[in-house]
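Numbering of residues begins at 1 and proceeds along the displayed sequence.
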Amino acid sequence: MDSNISYGDDYKFIPATSIASGIGIEVLPDIYCHTVQIVNICLVGKPDSNEFVLVDAGMPHSANDIISAVEKRFGTGSKPSAIILTHGHFDHVGGIIELVNKWEVPVYAHSLELPFLTGKESYPKPDPTVEGGMVAKMSPMFPIDPINLGNNIKELPSDGTIPHMPDFRWIHTPGHSPGHVSFYREKDGLLIAGDAFVTVKQEYLYKVLTQEQEISGPPRYLTTDWVAARESVEKLAELNPKIAVTGHGLPMSGDLLTSNLRLLVTDFEKIAMPDYGKYIDGHNQ
């Protein structure tokens, strides 16, 4: 393993949380969603199995919380076979350096995310002018510098398979970030959507704090390509998922998910897209 790995220069604790922070939900016997401040990680694997993976890596300075959640579910000293990333934004890789150093496991992401995970390229700056609430206004403090995972980061296989997740396939769902991916298991209709769509209005502090459930598009302040974001939601809706675990908000299932996802597709411009903002106005830097 490569020990010369690091966060970006702007890495820091973000003082934002929700009532769900520290709470885990067993969505299915092998799917466990745990909230770290305002973002979800997902543990894929049955508690009595030695084979499980961690999807995404939480907020900055959250490694100890994630380790505790893993050991509570799988036993003291347990570690995943791999960390699989939906994308590399700060709230999905916030504990990853400490986790890789402790567990010595590989990390997998889409090839288009690798520049942000190997120290080569920063994400575009968040847009505090975008239509939305207080979280959007806070977004200039969010880290965007690339982290460097060195040779610990691996490219997801091009055939759609996911290492250590044999029943799942990855689906390229860009818009929120260039290499954003979602994970789908056809046999039970389970979708791990990342931030392709979420189940809370992530821009609004009150809704984030209370976790008021409401389907929405990707978080506005960090989404730079709304044409691609719409196409990604349409692609996921076509799967007709039965259960969705998203990067922000509570899991959603059944008729509620079906009807809300259909509504999101139909009214994407009204529900998801902001009326104004620099990425809406055609800029991408």
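For Phe116 and His89, the ring centers sit 6.0 Å or farther from each other. Aromatic ring centroids of Phe142 and Tyr221 lie under 6.0 Å apart.
With Asp30 as the partner, the salt bridge (Lys or Arg N to Asp or Glu O under 4.0 Å) test is satisfied by one option alone out of Arg185, Lys187, Lys46: Arg185.
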Can you list, pair by pair, the side-chain donor-acceptor contacts under 3.5 Å of residues 132-140, counting residues two or more places apart and other chains?
unit_1: Lys137; atom_1: NZ; unit_2: Gly132; atom_2: O; d: 3.4
unit_1: Ser139; atom_1: OG; unit_2: Ala136; atom_2: O; d: 2.7

What donor-acceptor contacts under 3.5 angstrom involve side-chain atoms of residues 236-247, with partners at least two apart or in another chain?
unit_1: Lys242; atom_1: NZ; unit_2: Asn240; atom_2: O; d: 3.2
unit_1: Thr246; atom_1: OG1; unit_2: Thr199; atom_2: OG1; d: 3.4
unit_1: Thr246; atom_1: OG1; unit_2: His248; atom_2: O; d: 2.8

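Atom CD of Gln37 and atom OG of Ser62 lie 7.0 Å apart (nearest 0.5 Å).
The hydrophobic cluster containing Phe183 does not contain Val39, counting ILVMFWY residues as joined when their side-chain heavy atoms lie under 4.5 angstrom apart, directly or transitively. The hydrophobic cluster containing Tyr123 does not contain Ile147, counting ILVMFWY residues as joined when their side-chain heavy atoms lie under 4.5 angstrom apart, directly or transitively. In the hydrophobic clustering of ILVMFWY residues, with side-chain heavy atoms under 4.5 Å counting as a link, Leu190 and Ile84 come out together. Note on Val107: it clusters hydrophobically with Leu117, by side-chain heavy-atom contacts below 4.5 Å among ILVMFWY residues.
The existence of a salt bridge linking Glu26 and Arg73 is confirmed by a sub-4.0 Å separation between a basic side-chain nitrogen and an acidic carboxylate oxygen.
By the side-chain contact (heavy atoms from CB on, under 4.5 Å) test, Asn64 pairs with Ile67, sequence neighbours left out.
Side chains of Asn148 and Thr118: no donor on one and acceptor on the other come within 3.5 Å.
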